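Counting convention: from 1, in listed order, for ligands and their atoms alike. Keep in mind that the numbers below use all heavy atoms, side chains included, and drop hydrogens, waters and symmetry copies. This is a predicted model, so every value here is computed, not measured.
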Amino acid sequence: MSDWTIDRAVDELLGREADRRAGDRLSDDWEGLDLPTAYRVQDALVRRKVESGERVVGVKLGLTSRAKQQRMGIDSPLTAWLTDAMMLPEGAPVPLHELIHPRVEPEIAFLMGERLCGPGVTATSALAAVRSVHAGFEVIDSRFADFAFALPDVVADNASSARFVVGGPGLPPRDLDLAREACDLGSDGRVIDSATGAAVQGHPAEALALAANSLGARGIAIEEGWLVLSGGLTDAVPLAPEQEISAEFAHLGTLRLTGV
Ligand code: 0L1
Ligand code: MG
């Protein structure tokens, strides 16, 4: 029988993050690591970050696109925490020496104008609670070797969260057709992928509603002023030194990010 506990898993994952070291899946050795336990690890991990001075600034959805679910071999979206220490100013370089094996994905981000709490949240009521919509980048960095994990592993690992960028000043949701908002992902000036907002659960507001309802089932609300990353529009691309990744949105503007 394995002797894993919530605290031991948090120590292990935070240790890997601090040492920039990827390791084995927790689920290989921890038979009892089911989804509710994994979310307890995730919540305890973010509590540790808060105790060490970080501030929760929002939440993210992961694995919201069917393409990404299929590639990762996981068939369900998940939620995780964003803290201020993960936030990079627009245009700031991504310090690769702080990370293990970062990958970048373009996202549509929401700044919440009102508190939102499930159950019963729909895409329409979710969008009504949004103050502004922004172009975003998420830099993910799994604490598991080769990004290989089962769903409880990646939930425990705060959904590979590492860094993120939100472009300003954003637009009110009423000015946008988010399912059709197009995004070209570029690498060093060449378009390598493209998608529309429909890649994220059919509509990014559906992803926001999903987050509000699944967090609500755990007694957690999405607070006014929080940021929400609605999920990768395209597959995530590895980020190398001096590589420039761009995300050119039809209406939300263009974001650029460079690894150093
Ligand atoms: O934000 C994401 O979709 C990442 C979720 C975790 C899966 C991964 O590391 O790609
Ligand atoms: Mg993401």
Side-chain angles (χ1 to χ4, degrees), residues 13 16-17 20-27 33 35 38-39 41-42 45-46 57-83 86-88 94 99-110 133-167 178 181 183 185 193 195-202 204-208 210-211 214-215 222 226-239 245 247 249 252 255 257:
L13 292 168
R16 291 181 191 183
E17 185 180 336
R20 283 152 223 127
R21 159 175 65 82
D24 293 340
R25 307 181 335 163
L26 303 179
S27 59
L33 183 60
L35 210 46
Y39 274 108
V41 174
Q42 188 194 101
L45 186 147
V46 84
V57 295
V59 292
K60 63 169 264 189
L61 288 115
L63 300 177
T64 40
S65 84
R66 194 75 199 118
K68 190 158 177 186
Q69 287 177 9
Q70 277 169 347
R71 206 179 57 73
M72 306 311 283
I74 290 176
D75 62 4
S76 143
L78 67 169
T79 60
W81 297 102
L82 301 174
T83 74
M86 300 174 190
M87 193 166 6
L88 291 172
V94 180
L99 301 168
I100 306 167
H101 44 190
R103 297 179 182 178
V104 182
E105 54 192 19
E107 305 215 8
I108 289 174
F110 296 115
V133 185
H134 303 254
F137 267 134
E138 185 177 18
V139 181
I140 54 173
D141 195 30
S142 177
R143 272 57 68 169
F144 300 108
D146 303 321
F147 279 75
F149 37 66
L151 181 59
D153 296 296
V154 66
V155 166
D157 189 28
N158 201 30
S160 310
S161 302
R163 301 287 184 275
F164 69 95
V165 182
V166 172
L178 283 180
E181 178 67 9
C183 173
L185 181 69
D193 206 346
T196 63
V200 179
Q201 298 288 297
E206 293 287 354
L208 179 59
L210 188 152
S214 49
L215 288 163
I222 299 175
W226 278 13
L227 292 163
V228 179
L229 292 182
S230 61
L233 290 163
T234 66
D235 215 349
V237 292
L239 181 64
I245 305 282
F249 287 83
L252 293 171
L255 280 184
L257 170 158

>> Closer than 2.8 Å to the Mg ion (ligand 2): how many protein N, O or S atoms are there?
In response: 3

Is there side-chain contact between [X] and [Y], with at least one heavy-atom pair below 4.5 Å?
X      : Y      : result
Phe164 : Leu229 : yes
Leu257 : Val104 : yes
Asp153 : Asp157 : no

> Under the 3.5 angstrom rule, does the side chain of Thr64 hit a backbone N or O of Leu61 as a donor-acceptor pair?
Replying inline: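 No, the answer is negative, given that no donor and acceptor are paired below the 3.5 Å cut-off.
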
> Where the side chain of Arg163 meets the backbone of Leu88, is there a donor-acceptor pair that is under 3.5 Å apart?
Replying inline: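 It does not hold such a pair.
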
> Can you list the residues that meet the ring pair (Phe, Tyr, Trp, His ring centres under 6.0 Å) rule with Tyr39, with sequence neighbours excluded?
Replying inline: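 Result, ring pair (Phe, Tyr, Trp, His ring centres under 6.0 Å) vs Tyr39: none returned.
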
> Phe147 vs His101 aromatic rings, parallel, tilted or perpendicular, using cut-offs 30° and 60°?
Replying inline: tilted

> What residues come within 4.0 Å of ligand 1, counting heavy atoms only?
Replying inline: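 Within 4.0 Å of ligand 1, the protein residues are Lys60, Leu61, Gly62, Leu63, Lys68, Met72, Glu105, Glu138, Ile140, Phe147, Phe149, Val154, Ala159, Ser160.
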
>> Once side chain to side chain donor-acceptor pair (under 3.5 Å) is applied, what residue pairs with a partner in residues 70-80 remain, sequence neighbours excluded?
In response: Arg71-Asp235

> In a check of salt bridge (Lys or Arg N to Asp or Glu O under 4.0 Å) between Lys68 and each of Glu107, Glu105, Glu138, which one passes?
Replying inline: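 Of all the options given, the one that passes is Glu105.
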
